[in-house]
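The next block holds one structure in the form of structure tokens; read it before the comments.
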Amino acid sequence: MTITLSDQDKSTLRVAAYGAVSLMAAAGAATGKPQKSAASGSIALGSATGLVGHVLADHPDPKDLVGKSVAEMADRVLPALTAGMNLLMRQDPAEAGNFRGAVLIAVETAQMQQGRPSPATAEMIRKITDALDAAGQDRPGLRKVLEEIVDSGFVGVAVRVRDERGEWAGSAGAAELGGAAEPPVDGHIRIGSNTKTFTATLVLQLVAEGKVGLDDPVAGYLPEFGLDERITVRMVLRHTSGVFNFSGEVYGDGTIVPGITIPYGPTGKEWVDNRLKTYRPEELVRLALSKPARFEPGAGWSYSNTNYVLARLLIEKVTGRSLAEEMRRRILGPLGLTGTVVPDASPEIPAPHAHAYYRYEDAGEQKTIDITRQNPSWISTGGDMISTTQDLATFISALLGCRLLPAPLLAEMCAPHPTGIPNMDYGLGVFVVTTDDGGTLISHNGAAVGHAALMYSTPDGRRTLTAALNCVDDADLSIGAAFQNAQQRLLNEVFLGGQGPTG
């Protein structure tokens, strides 16, 4: 979405920025008149309406900000201040100076009201000035990584970073094969298995409300499937149920047991011909349960899309509403995730978006086709959702900031469980990754035939990396190695300052 700011919009941005900083100052005040600062800040921040609302889209109701610590306030407000500064730098550099001036006046006013600023306020002032100085500046290291990702075989890539320097978004490559236009930085993308994190969050919200028990048998909620009574809700979310993966299993000895027709392996051409076919979630579960279990419940770990289709059916059974309705009611609506869609069986994807492609062999001839329109019901809640880098960043930050789950349940969600894969522990709908410097990241990436999405955050939600990639996919997953390298290059640049192996 392209926003053109009117003179009134620019004025509103200045007023809102003044109010946001006043609220932060009130939170950090040890002396003086914090109530007065908070009240005037709430009024000013509340005036950010109309076209500029997207700039402060992540800010909560002003009343919710009063009483928060200055650190909490800064984490919520600084990205919005930076976004406003960046927007003005692109459209009206002179007005960007006015915006910066309004923020600094608010800082000066806060200092005068408090007399001697508290240490928290002093730190807030430093962060604000650093963020404003960084706003409008490009990040050449990230730019270089994006170009390298395109050179490695991707058609295009769009990346968004939120950190102590503010927010940065950029793209490289092409939105369409052979085209000149870069992928839209706020474009829609099929996010694949990132869907699992959204779904797990819904289940855990039901747990928080006492409607579902983490250690209850899933069969108690879904008796119609004849599930093993030992399989619990926790096992489903953690992939320790042992239930067969309806999209197929590959065993340690190399044995492949197929499931439904998928775009990878020998069924690629068949998937292309039937890519608009609709599968119902119950159909996918029954197919999986017709196959032998991978292991006894709780006796191992194996990634299975079936688990998250069971989670979907559990949500729908307990709430009496569709997954899409619950997602909108509990997550998408409250967080303002207007670019996120639960498509069910619809093949459409909202504009703007980068295009997805698939290469396959037909009668001895190699063909490459546009498969942006595809019916995602074949994967269902294993990976069917559509989102944007902005919405993914807002979601993971809100999740890890305890805005969607109470702290004890969030801790359970992020508790690492060994998977047998190096540096790939799994919680409840999230991967727990250790960086090369020993840090921890919460993540869940995903791929969806020609599209892929990355979602990473520090455990406190303060630094996030989200990305959308489009490519030419094929039955052999030829892009797989480049995808792994792209992840590592972005992680090194964003979380390790460009240090670490480059793949």
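Using a 4.5 Å heavy-atom threshold, the side chains of Thr197 and Phe395 count as touching. At least one side-chain heavy atom of Arg139 sits under 4.5 Å from a side-chain heavy atom of Val161. The shortest distance between side-chain heavy atoms of Ile262 and Trp378 falls below 4.5 Å.
Qualifying side chain to side chain contact (heavy atoms under 4.5 Å, CB included) partners for Asp474, counting only residues two or more places apart in sequence or in other chains: Arg359, Asp476, Ser478. Under the ring-ring contact (aromatic ring centres under 6.0 Å, His included) criterion, Tyr358 pairs with Trp271, not counting sequence neighbours. Remark: Lys211 engages Glu209 in a salt bridge (Lys or Arg N to Asp or Glu O under 4.0 Å) (not counting sequence neighbours).
A donor atom on one side chain and an acceptor atom on the other are found under 3.5 Å apart for Asn305 and Lys196. With no hydrogens or angles considered, no side-chain donor-acceptor pair links Tyr279 and Asn375 at under 3.5 Å. Side-chain atoms of Tyr264 and Asp473 form a donor-acceptor pair, as typed in the model, at a separation below 3.5 Å. The closest side-chain donor-acceptor pair between Thr388 and Asp186, if any, does not fall under 3.5 angstrom.
A cation-pi geometry, defined here as NZ or CZ lying under 6.0 Å from the six-membered ring centre and within 45° of its normal, holds between Arg294 and Tyr251.
Relative orientation of the Phe154 and Phe483 rings is tilted, given thresholds of 30° and 60° on the angle between their planes. Note on ring orientation: taking the six-membered ring where Trp is involved, the planes of Phe431 and Tyr303 are parallel (angle under 30°, cut-offs 30° and 60°).
Each of Leu204, Val218, Ile315, Val233 was scored for a side chain to side chain contact (heavy atoms under 4.5 Å, CB included) with Val212, with one residue passing: Val233.
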